[in-house]
Protein chains: 2
Amino acid sequence: MIGIDDVAASLGVSTATVSRALRGLPGVSEETRARVTTAAAALGYVPSSAARGLATGRTMAMGVLVPAINRWYFSAVLDGVDRRLRAAGYDLIVFSLGGSGANRERVFHRSILRKRIDALLVMCMHLTEEERLALQELEYPSISVGGALEGVRHVGIDDARAAADAVEYLISLGHTRIAHMRGGGSFDIDFEVPRLREQAFRRTMQLHGLAVREEWSAFGDFRFTTARVAALTLLADPTDRPTAVFCSSDEMAFGVLRAAAELGIDVPGELSVIGIDDHEFAEPMGLTTIRQDPEDQGAFAADLLLGELTRGAAADYPPSRPHALVERASTGRIGS
Amino acid sequence: MIGIDDVAASLGVSTATVSRALRGLPGVSEETRARVTTAAAALGYVPSSAARGLATGRTMAMGVLVPAINRWYFSAVLDGVDRRLRAAGYDLIVFSLGGSGANRERVFHRSILRKRIDALLVMCMHLTEEERLALQELEYPSISVGGALEGVRHVGIDDARAAADAVEYLISLGHTRIAHMRGGGSFDIDFEVPRLREQAFRRTMQLHGLAVREEWSAFGDFRFTTARVAALTLLADPTDRPTAVFCSSDEMAFGVLRAAAELGIDVPGELSVIGIDDHEFAEPMGLTTIRQDPEDQGAFAADLLLGELTRGAAADYPPSRPHALVERASTGRIGS
DNA sequence: ATGAAAGCGCTAACAC
DNA sequence: GTGTTAGCGCTTTCAT
């Protein structure tokens, strides 16, 4: 392992000069800087991040806490975060808490709190009271994405508004028999988002004087498979079934679409389906949906954190990220 | 920031004792250990990973280099890796190289080579010659997952065999007019895997005396959208179209399925479709496919690396991870 | 513009 | 069983 003093020795200068030269600090003649740069490259010198971290107190790494990596929303946010971090020269440390209750403690104490990262982004995690408090006492900046966390800044869409927009769109098409395919419930995953959307669904229905039938509030767990099964039941009776389904995620909407196809129900002729997300498959599937942009959300949150790290103070920002209705072929006017 | 000597001072013992006690090393009386543990917890002491890293030369972190995070295969492998890493007390640092050519250099030099990680896992990345050589000269263990890399150990399925199995299955059903929906081509992503599968397709066809029509080797880029568009062309002519499509990924198979539905082609009556992956959506979609298990592959590779880190030497392991045909409703005997 | 030297917070010999 | 001390490889005053 070749270190900074090897470079210094090879040139007959001090380590301080090498350090300054390589980091572009002033106080080094251009000639010296050039020589140092060349020598460092020639020797294949690469500074040790541990040593630098110890000396500066900064790790140049940011942590992201997620319930799982392989879900559409989470991985998309991660991509957005990563893009920004890389540009800023930061590394991305991912803590996935998928199910394993036993390891949570470890993650929290060993990594989150351990000065291994300069900032933390928490994504849609359901934390225990104790964990939440630990977060708030962190000495580095933190933020939550996708699901709000009490006492922590938040980046995400206005879930209530987004859900209401979806339901109102269905109503504007003349639908009155509207079902909701709900998400949430899975271990560790935040339950604020599904709750907000469910509430908004009910409130919007109520606002328009429409009845909410309890058996039409189906549980799809944000997933294709679960939603398909639930929809198979929901849509089973041709004489008494909803004419529209509002799905709290696109994946669930795909499940409903699939179930409809299996049951020979024409979409959008006999059934309208709307989702939330604008998943990669939504456009080719012709799914009407409320678009959100997780990559943008991740990038935005990362920027906020990075800004705070550099500029010192936390910046102000709008309360929510945008969402928008995208009309496609899965919804239609009632009776057309 | 409370450090090890604060704990030591609070107890009137030496830092060495605290260090030993907290790490469970021998040479500490159980009584002392208990007192230290208590005091550390009370003070909220958390060791600095930078300091420990500097002193031990180990970072307790593993790096994973991926072309992108938000693709089914990549994120699933990541989840598998993460699970094992967490159990071993290691952190996961993700380097996503999504498109940004400018940042590759940075990633390589700043992070990969910078003693920030104890081991590296490279996933399906297409590396330049120079990068490959840099990898091989790394002083820590490395491995590739999903796409082989010259000079680096590899974990993944036998792609040629998997593709051949899929094609042979179609042939066993009586199909002779078989098309291939190919993957690959995207920036940065490994092109070995798509090539192996394409070759296997052609060889298997040939082996059975079947003709490969060039216009029936369509490019789907491993994605739903691209594959759907390609399939719309591929299947356009009712008088001259394939009776079966072998898709190099499930996502592309979904695209073909979608195109078939749009064109009013009955599956499996008029068209059989088979994929590779066993994507989460494959079962609910009734897609016949060759299953592989990316989580297992990630976990397996992580274990290999971790084992090497602890036991010192590299372990032997079978040349490929398993794959298996899963028969579902998207394939059928010709003319039935 | 450059150098000397004192840490950063821990681990690991080596003493006792 | 426990303490002392010398690093680990950088950054950062403070001199010059």
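Below, chain A is the first sequence line, B the second, and so on; all start at residue 1.
One finds a side-chain N or O of B:S19 lying less than 4.0 angstrom from the OP1 or OP2 phosphate oxygen of C:dT11. Of the side-chain N and O atoms in A:R23, one or more sit less than 4.0 angstrom from OP1 or OP2 of D:dT12. B:R52 has no side-chain polar atom (N or O) that falls below the 4.0 Å cut-off from OP1 or OP2 of D:dC8.
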- Task: Could you go through the side chain to side chain contact (heavy atoms under 4.5 Å, CB included) check for B:Y45 and B:V7 one step at a time?
- Result: CA-CA 7 Å; B:Y45 166 68; B:V7 180; 3.6 Å; yes

- Query: Please walk me through it: do A:R116 and B:T59 pass side chain to side chain contact (heavy atoms under 4.5 Å, CB included)?
  - Reply: CA-CA 10 Å; A:R116 196 189 188 86; B:T59 64; 4.2 Å; yes

- Chi angles and distances behind the side chain to side chain contact (heavy atoms under 4.5 Å, CB included) call for B:V155, B:R321: CA-CA 7 Å; B:V155 167; B:R321 298 270 83 204; 3.8 Å; yes

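If you find the closest nucleotide of DNA chain D to B:P26 and to B:T56, the one lying nearer the 5' end belongs to B:P26. Between B:A51 and B:E30, the residue whose closest nucleotide on DNA chain D is further toward the 5' end is B:E30.
Note: CG (B:L25) to P (C:dT11) measures 9 Å, nearest angstrom. Straight-line distance from the CE atom of B:M1 to the P atom of C:dC10: 7 Å, rounded to whole Å. Counting to the nearest Å, the P atom of D:dG9 and the CE atom of A:M60 are 21 Å from each other. In this entry the distance linking NZ of A:K115 with C1' of C:dC10 reads 15 Å, nearest Å. Taking atom CZ of residue A:R116 and atom P of nucleotide C:dC8, one finds them 22 Å apart after rounding to whole Å. Rounded to an integer number of Å, the gap from CD1 of A:I4 to P of D:dG9 is 12 Å. Atom CD1 in A:I2 sits roughly 9 Å away from atom P in D:dC10 (whole-Å rounding). In this structure, CG of B:D5 is placed 14 Å from C1' of D:dG3, rounded to the nearest angstrom.
Listed candidates were D:dT11, C:dG9, C:dT2. Nearest to the side chain of A:T32 is C:dT2. Out of C:dC10, C:dT2, D:dG9, the shortest distance to the side chain of B:S48 is found at C:dC10.
At distances below 3.5 Å, not a single donor-acceptor pair connects side-chain atoms of B:D118 with backbone N or O atoms of B:M62. At distances below 3.5 Å, at least one donor-acceptor pair connects side-chain atoms of B:R86 with backbone N or O atoms of A:S96.
Within 4.0 Å of A:G27, counting heavy atoms only, lies at least one base atom of the nucleic acid.
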Extract from the structure each pairing of a protein N or O with an N or O of nucleotides 3-5 of chain C at less than 3.5 Å, listing the distance.
residue: C:dG3; atom: OP2; partner: A:S14; partner atom: N; Å: 2.8
residue: C:dG3; atom: OP2; partner: A:S14; partner atom: OG; Å: 3.1
residue: C:dG3; atom: OP2; partner: A:T17; partner atom: OG1; Å: 2.7
residue: C:dG3; atom: N7; partner: A:R20; partner atom: NH2; Å: 2.8
residue: C:dG3; atom: O6; partner: A:R20; partner atom: NH1; Å: 3.2
residue: C:dG3; atom: O6; partner: A:R20; partner atom: NH2; Å: 3.2

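The nearest pair of heavy atoms linking B:R33 to B:L25 is NH2-O, 2.7 Å.
B:F300 and B:Y317 have their aromatic ring centers within a separation under 6.0 angstrom.
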